[in-house]
Amino acid sequence: MIMPTKIFEDPDTMVRETIPLGAYIHLAATMSRPNALIYALTRQFSGKDPAFTVSVAGLHSSAHALTISGIIKKAIIGFAGDNYPRPQPNALYSNLLKGEPFETELWSLLTLIQRLQAGAMRLPGFITNSLLNSDLLTDKLGKTAHLIPSPFPIEDDKNSLLMISPLNPDYTLIHGVIGDENGNLVLTNPSGEGIWGAMAATKGIIASCERIVPSGSIPPELISIPGTKVIAITEARFGAHPQSLRIFPVPGLEIYKDLSTYMDDYEFQVDANFAAAAEEKIRKRWMEEWVYGPKSHEDYLHYVGSNRLRKLTKLPEPQPMLDPQSADTTNDSEQMIILAARAIMEHVKGRGYTTLLAGIGAAHIACWTAAHLLKKEGIHVHVMTELGFYSMTPSMGDVFLFSQLHANTSHGLSDITQILGMLVPDKCLGVMGAAEIDWFGNVNSIATGKGKFIVGSGGANDIASTADCIIVAKAIRQRYVRKVNFITSNGDRVKEAVCQFGRFRRDKKEHIFEFTHWIAPPSDPDMEPEEAVLKFTNWMPADDVPPKEELPPTSEELTILRSLDPERIYIEQFMVYRSLPGD
């Protein structure tokens, strides 16, 4: 017998009455995370013994509250750290590899979703070509992952594929745009993980949404998740805060009346990240103010304030291109990004890539810059992001890779499965950052030399497993190493590494990087090529063939770059990981 969806007055009552201690809970990683439900879960169960197994694509911003409260017993994740204003580790997770503050399973972004897909379809597993030849696989073989012989010829002479086990949470928490009295839910694109985590739940979906409407009000073609899977639902205005929610336009549809898109609350996210990384008394103060202080979601919104919430619904106007910029004051970070943009353009023209997968950080700014410059030459390349943006034209002035403003200027909006699973393997050039990179292109974003956790794979392993890649990363000796501490992403398809003083290339997977392009870093214009390599890397300078000299950044390149990042989040200083290998 199918039980009707129960409608609750508020998130706290719903969470308290539907979720038992010890449950396995999945937090749906759509673009609009279920943050009202995360706070409710934290309030209701804080102070009890570690209660839950939790799976989620990424632990960041508001989700830090779950970790600080101590209610997670085990986490199955693809990322833990900060993703705004730049991706970096958070001290809250520095001992994650030692089982503190909870036991952890680390996966890549796509493989986590593929496991949920297998769970949703009640399959015994999912076949993937991610994780192969990486250290992410070491603790999984024979348990949650099994090598299987490839039954058919496939590209790259791969003789084996990977079968990964399904994930079936007891309950999935999700925030939708609209739900009806029968529990039918509407999500919006780009949708991140989409429906898979929700449909994999065995005991049901627990949902919040911006508005609950009468049964039959939602046109069938808009329903993302059927109400038969939803066991509980509640209204939660701004239920994704401090993250964003996009209301896609449906002219004349009454259920959307008075609903507004709201943007990411960047200031709140920065404060949450800072508090999580700080000493205990600051963490406690932040939790008391934003999690334990409010006794309900409506109380939380009162704490945030109506003026602040209203500002988030007023979408800023895209900024115009800046006036031509002088090239006289270029800094190291600007030079690195421009060198990376040139490398991207060269690869697109020479190898015929039709798409760019932009990894968050200096890499995505380089992609945006390259796409602008290529367009001026009549070459259109589609920039994508792992959460579902396709053929995006970034909104000038908002540097966050996953801002909802970019959705309005994208030619297509989809999800992780389509981007990482289908489009990245097809004529795509991946552009990513790295905490460590070695001579053979292997990339590490998991473990420092002292065993401290960095951030996790995110989508990096999935990209490097199926697409040629460029790494954009400031050269320091702890980062450009002979051998990485942990192979997060296998380097077979990494073609180039770009830093502040030049480019290193490798044309075949068994070859080490060669120093091919040189320009003195603006911070030390008298430096010589060999001196730069020896000072900033653990690699070797060129033996016989001197590197090609790069021209200084042009005013056109600088104008585009500075227009994309007017607050100079990425071009004022480099992204430096708080826990660098060797620290």
In terms of heavy-atom contacts, Ala75 and Phe102 come closest through CB-CE1, 3.4 Å
Original post:
Can the positive tip of Lys281 be found less than 6.0 Å from the middle of the six-membered ring of Trp286, inside 45° of the ring normal?
Top reply: no
Using side chain to side chain donor-acceptor pair (under 3.5 Å), reason through Ser130 and Asp462 one step at a time and then give a plain yes or no.
CA-CA 5 Å; Ser130 293; Asp462 308 305; 2.7 Å; yes
- Message: Please tell me whether Trp196 and His26 form a close aromatic pair, meaning their ring centres lie under 6.0 Å apart.
- Response: no
* Is the Phe45-Phe52 ring centre distance short of 6.0 angstrom? -> yes
In short, salt bridge (charged side-chain N to carboxylate O under 4.0 Å, His left out) pairs touching residues 13-22 with sequence neighbours left out are Lys6-Glu17
Checklist entry - So, for His364 and Tyr570, is the gap between ring centers shorter than 6.0 Å? => result yes
Shortest non-hydrogen pair, Ser69 vs Thr42, comes out as CB-CG2, 3.5 Å
| message | Would Arg568 and Arg562 count as a side-chain contact (heavy atoms from CB on, under 4.5 Å) here? Give the steps. | response | CA-CA 7 Å; Arg568 307 180 76 82; Arg562 292 171 180 174; 4.1 Å; yes
* Are the charged groups of Glu105 and Lys74 less than 4.0 angstrom apart, N to O? -> yes
Query - Validation row, ring centre Phe400 to ring centre Tyr84 under 6.0 Å - result: yes
Would the Phe238 and His297 ring centres measure less than 6.0 Å apart?
no
Heavy-atom closest pair (Gly239 atom, His175 atom, distance to 0.1 Å) is CA-CE1, 3.5 Å
